[in-house]
Q: 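Before I ask anything, let me first share the structure, which is written out below as structure tokens.
The sequence lines fix the lettering, A, B, ..., with proteins before strands; numbering per chain opens at 1. Only heavy atoms go into these numbers, but all of them, side chains included; no hydrogens, no water, no symmetry mates.
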Amino acid sequence: MSRVNDVGGQTGFGPVVVEEDEPVFHADWEARVYALNIALVRRGVYTLDEFRDAIERMPPQAYLAASYYERWLHAIEVLTAERGDAERGGDE
Amino acid sequence: MSEPVAVRFAPGDRVRTRAVDPDRHTRLPAYARGRTGRVLAVTGSWPLADDVARRRAEPRVEPVYTVVFAARDLWGEGEHDVTLDLWQSYLERPEGTGDGPGPYGRKKEAVS
Amino acid sequence: MSGEHTSSAVAARVRRLEERLIGEGLVTDGELDAVLTAVLEGASPLNGARVVARAWSDAGFRERLLADANAALPEVGLSMAGGLQEQRLKVVANTAGHHNVLVCTLCSCYPVALLGPSPSWYKSEAYRSRVVREPRAVLAEFGLELPDGQEITVWDSSAESRYMVLPRRPAGTGDLTEEQLAELVTREGLIGTAAL
């Protein structure tokens, strides 16, 4: 039951496309997402392994349709929401 | 975190990856499951990613090995090598090589 | 391609998330700015290039670097401890008979401390799926035609080690200073998708 991220050896993704003179971030929101993730891991809100897991849990169609930092955004939303749910659950 | 488990393999040892097929987070790619390779290096001991991702209170801490595979053993063809960094519980000794201590205590490998 | 509309919708989603997390006390604006400043000013392939130039100029350093890169990096004022956690670094040397190339098939592990954030192609499914299976064909697409018989090792980073390629020193560079040598080193050379 390999997950959608586990692409080593798969066929069909086509040639490797290289963007000439690529900027580090393509939009300001990508930089914000990048910074959010590092800050949240540093704070111990979640670990990098949980973060990777949250990306891998995306439905395959959504994973493949999303850009790299859209996947990050999704994972941060999911993990911080799950954390909130767990805390609310603990109050019961 | 748990106490680190003892190092079981040494550089030069032949190892076989487990043919497990979990639907949760793991760092053993599908292309290298149930495959035989050789230990290149012991990289230190690290919390098992599978456990950390599942928020286990006491993740297992295991040695992680750089293991090299021949392309032919992964894909049935190819001349190159591929390496992976694999936690100890992903690995076992290939059948017929016994469970003796490495690196000099290995028995002869079975011819398959 | 995503149009302006989609892009602004994502930007709005990020703003909402950021506001929520700041409101919950999980991050501050200052922390986010500090992270970005550190990445944009500190992490770039110039770091990796300095390591390579030193290794080309100093055989002793090269030996120490290949044996234990974490221990050798402080000699050039660098370290792998600046990120989220200290990572093990392994530097792999290209030779006349052996070429090395890096990938992370499961996600996008990359030596950010030495190379900066990775390029999009490194994170693409096309690269991740193919380079472990047919490295020669992928490298040829990058314009790197390896001679027949040259051995290739593909390093798939799957745990807490990060890798960097030590490219071969170009011919005819015997007179160059370390600073001049560093200018010859490209990010693709450090990943292994180009020779220098």
Q: How close do Ala30(B) and Asp6(A) get, counting heavy atoms only, and between which atoms?
A: N-OD2, 2.8 Å
Q: State the CD-OG1 distance between Glu56(A) and Thr26(B), to the nearest 0.5 angstrom.
A: 9.0 Å
Q: When rounded to the nearest 0.5 angstrom, what is the spacing between CD in Glu50(A) and NE2 in His25(B)?
A: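 Going from CD on Glu50(A) over to NE2 on His25(B), the span is 10.0 Å.
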Q: Mind checking the CZ-CG spacing from Arg56(B) to Asp49(A)? Nearest 0.5 Å is all I need.
A: 13.5 Å
Q: Can you give me the closest heavy-atom contact between Asp53(A) and Ala53(B), atom names plus distance?
A: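 Closest heavy-atom pair between Asp53(A) and Ala53(B): CB-CB, 4.0 Å.
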Q: Would you find more than 12 non-hydrogen atoms of other residues, nucleotides or ligands less than 6.0 Å from Glu3(B) atom CD?
A: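 No, the 6.0 Å shell around CD holds no more than 12 heavy atoms from other groups.
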Q: Sort Pro29(B) into side chain, backbone, both or neither according to what part of it lies under 4.5 angstrom from a heavy atom of chain A.
A: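 It is both, since atoms from each part get that close.
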Q: Could you state the interatomic distance from CG (Asp51(B)) to OG1 (Thr47(A)), rounded to the nearest 0.5 Å?
A: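 Asp51(B) CG to Thr47(A) OG1: 11.0 Å, rounded to 0.5 Å.
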Q: How would you list, by chain and number, every residue that makes a side-chain contact (heavy atoms from CB on, under 4.5 Å) with Tyr68(A), sequence neighbours excluded?
A: Trp72(A), Ser108(C), Lys123(C)
Q: Among all residues two or more places apart in sequence or in another chain, which pass the salt bridge (Lys or Arg N to Asp or Glu O under 4.0 Å) test with Asp28(A)?
A: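 Once residues adjacent in sequence are excluded, Asp28(A) has no partner under the salt bridge (Lys or Arg N to Asp or Glu O under 4.0 Å) criterion.
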Q: Quick check for you: to the nearest 0.5 Å, what is the distance between Arg24(B) atom CZ and Arg57(A) atom CZ?
A: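 It comes to 13.5 Å.
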Q: Can you say whether Leu79(A) sits under 4.5 Å from chain B via the side chain, the backbone, both, or neither, judging by heavy atoms?
A: side chain
Q: Identify which part of Arg33(B) has an atom lying under 4.5 Å from any heavy atom of chain A, answering side chain, backbone, both or neither.
A: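 Contact with chain A is through the side chain of Arg33(B) alone.
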